[in-house]
Amino acid sequence: MVKNTITFSDRIGDLLVKEKLISNDQLDEAQRMSKDLGVSLGQALVDTSAVAEEDLISFIARELELPHIDVTGYSIESEVLKFIPASLARKHLLIPLFKVEDTLTVAMADPINVFALDEIRLQAGLDVSPVLASAESIRKAIEEYYGSAESIKEAVRAVGTASFDMPSMEHLSKHKLELITNQPPVIRLVNELILHAINQGASDIHIEPRRDIDDLRYRVDGYLHKVSTIPKNMHLAVVSRLKVMADLDITERRVPQDGRISIEMLGRDVDIRMSTFPTIEGEKVVLRVLDKTKSVTDLESIGLSQTLLREVKNLIKTPSGLILSCGPTGSGKTTTLYTMLNAIRSPDKNIVTLEDPVEYNIQDINQGQINPKAGLTFASGLRTILRQDPDIIMVGEMRDVETAELGIRAVLTGHLVLSTLHTLDAGGATARLMDMGVEPFLVASALMSVIAQRLVRRICPNCKTEYRPSEEMIKIMGIEHPEEHKFYHGTGCIQCHHLGYKGRTGVFELMIVKYKIRELIMQKAPVNDIHDAAVSFGMRTLREDGLDKVFAGVTTLEEVMRETMSRE
């Protein structure tokens, strides 16, 4: 039972001064911010750096004789979340933890807010046992379990009502602009949008200037969707803050810039690649999020069928040959190569890679990253690698004839070479190499296999439901005897952010370059002829592999159709 009434909020500042945790001046400044921004005094004290949040939490817990917990240590059941709607959780910054009999334990940033407690009791129809937790940890939990951008909107409001003059920032000096980018509300806004992206599992963050606002969009599971907006007069503050973090020139807005941000969030090391591009409405920013703590998956988990898995494992055991992973940008080509390297790495092999960038760190592998500004390109790096006594080489991408020919000559001198190529299907890889200028006899001699792939979204297992697709869809996909199969889709839930999908898996086709296909390559045969020959030797197409995953309840017909229309 909470002893104190809501008047404790009015006394907290005086108590902190009395305990000499803050000064009178710091209290006055925080009280002004609390009134101007409409935030709690405690939040204002933290935002103005008058007191560390953990010190404030410990102090309040001691004064109120309440338990102090770390919300991140809890796994909250979906049934418990149903007692408190997302709107109420965001309104009062709280989250339910667990229910025991008729009592709901709720983590709160302000556990003495009697109005919030009454609202929870009325909503849940249960007794409420409040516990104290930091606002930041509750905010993260709300993002994780309710999946909303509300915290970004709150941070935008905080910047918008801050004391500095946002509209005139275009004319500020570098020194004054740096001071503004270090203001707590600006820092909070930038941190929130990055944190929210990580919680959503986003691979990219897009900040796109429009005439009156900035659009904030995330790419999640290959799809770009709008998350929130940022007022136009905050654009320069946000972009400049990111530039400071990436060690870029904050005064340069006329030419593109590229940089790198390394931060720790949610206990994870995150590497962010930042790119700016000037548009008529301002600088567009794209942040590529690379979670360095992610481990490399194994071949069994990327979506290969059992037949393909056996064939790939046999291919990577050969001492020499060229293996290409093909597909459009974002189709998972590099991840597939990583899983192959992870499967064959051992202390008795010298494996060297040349990447742009290094996305995963793999033990026992010598990983290099290209640096064009320093003269280290794929071609120049590959020449050096060949003098490093390699057994296996991975080249991130064959972008030009020089790199391709060096890779092929490495194969002809007894090395296993893995690389990627931008083609739509397996048969197109041979034409792409020859279009670069590689001689047909070199392609035919070195190329051992081509894996083409796409990524399709997995149906969310929490809201997976059987349904019957339309007759038109069945006809388009060429499904015979549809009554023999079951079809599923996701209806949308908290776990999948109401998208019906969660995570992705690959669909593949594997072309093994046999004698007949080598003859066709030497003859510069059309891509369709090479494709048909591969099918005659048993290659299952991307569409066929995708349908197998539909029938297995892994993905939907719509996903497979979207990703395989180019060949069909």
Side-chain angles (χ1 to χ4, degrees), residues 311-312 314-327 333-334 336-338 340-341 344 349-356 365-368 370 376-453 509-527 529-531 533-534 539:
E311 291 178 328
V312 170
N314 288 331
L315 288 169
I316 60 179
K317 290 177 182 177
T318 56
S320 67
L322 176 61
I323 300 176
L324 292 176
S325 177
C326 297
K333 302 184 296 295
T334 304
T336 296
L337 295 189
Y338 274 124
M340 292 181 185
L341 292 180
I344 56 179
K349 289 187 175 70
N350 179 19
I351 303 176
V352 187
T353 75
L354 194 57
E355 308 172 50
D356 181 28
I365 292 179
N366 306 291
Q367 295 176 264
I370 71 167
L376 181 57
T377 63
F378 280 120
S380 64
L382 188 50
R383 285 195 199 91
T384 303
I385 288 173
L386 290 173
R387 297 193 291 269
Q388 292 281 310
D389 186 32
D391 296 301
I392 300 166
I393 302 169
M394 185 188 100
V395 181
E397 182 184 345
M398 288 190 169
R399 294 179 179 174
D400 52 64
V401 62
E402 187 178 11
T403 305
E405 286 186 342
L406 284 168
I408 287 174
R409 295 189 187 282
V411 170
L412 299 179
T413 54
H415 301 89
L416 179 63
V417 177
L418 285 66
S419 189
T420 70
L421 205 61
H422 283 88
T423 63
L424 294 178
D425 54 24
T430 59
R432 178 76 182 98
L433 288 171
M434 287 184 282
D435 286 344
M436 284 183 182
V438 182
E439 292 294 335
F441 77 90
L442 289 175
V443 178
S445 300
L447 188 60
M448 180 168 60
S449 64
V450 182
I451 303 173
Q453 67 181 87
E509 64 181 25
L510 172 63
M511 181 179 78
I512 298 176
V513 182
K514 299 187 178 182
Y515 178 76
K516 175 63 177 176
I517 295 176
R518 295 189 194 280
E519 280 190 335
L520 291 171
I521 294 172
M522 291 290 290
Q523 298 166 9
K524 293 188 178 181
V527 170
D529 289 353
I530 294 175
H531 175 85
M539 180 183 82

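Numbers here are sequence positions counted from 1.
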Can you check whether R409's main-chain N or O pairs, donor with acceptor, with T413's side chain at less than 3.5 Å? yes

Which residues pass the ring-ring contact (aromatic ring centres under 6.0 Å, His included) test with Y338, not counting sequence neighbours? Y360

So, for [X] and [Y], which heavy atoms are closest and what is the spacing to 0.1 Å?
X    : Y    : answer
S325 : L337 : CB-CD2, 3.9 Å
L406 : A379 : CD1-O, 3.5 Å
V352 : P390 : CG2-CB, 4.3 Å
D425 : G428 : OD1-N, 2.9 Å
S449 : L315 : OG-CD1, 3.5 Å

Side-chain heavy atoms of M511 within contact of I530, under 4.5 Å: yes

Would you say the side chain of K333 lies within less than 4.5 Å of the side chain of H422, judging by non-hydrogen atoms? yes

Output all residues satisfying side-chain hydrogen bond (donor to acceptor under 3.5 Å, both in side chains) with [X], sequence neighbours left out; order by chain, then residue number.
X    : result
N366 : N350
Q388 : none
T420 : none
E405 : none

Set of residues satisfying side-chain contact (heavy atoms from CB on, under 4.5 Å) with respect to [X], sequence neighbours excluded:
X    : result
L354 : I370, F378, I385
S419 : L324, V395, M398
E311 : T307, L308, L510, I512
A452 : A426, E509

I would like to know whether I393 and L386 meet side chain to side chain contact (heavy atoms under 4.5 Å, CB included); could you show each step before the answer? CA-CA 9 Å; I393 302 169; L386 290 173; 3.8 Å; yes

Enumerate, atom names and distances included, each donor-acceptor pair closer than 3.5 Å involving a side-chain atom of residues 430-448, sequence neighbours excluded.
| residue | atom | partner | partner atom | Å |
| --- | --- | --- | --- | --- |
| T430 | OG1 | G427 | O | 3.1 |
| S445 | OG | F441 | O | 2.6 |

Spatial distance of atom CD1 (I517) from atom CE (M522) [nearest 0.5 Å]: 15.0 Å

Look up atom CD1 in I323 and atom CE in M340, then write down how far apart they are to the nearest 0.5 Å. 5.5 Å

Could you give all pairs that pass the side chain to side chain donor-acceptor pair (under 3.5 Å) test and reach residues 510-521, with sequence neighbours left out? Y515-E519

Would you mind listing every salt bridge (charged side-chain N to carboxylate O under 4.0 Å, His left out) that reaches into residues 387-399, with sequence neighbours excluded? D356-R399, E397-R399

Reference residue I392; test side chain to side chain contact (heavy atoms under 4.5 Å, CB included); the match among V417, L416, I365, T353: L416

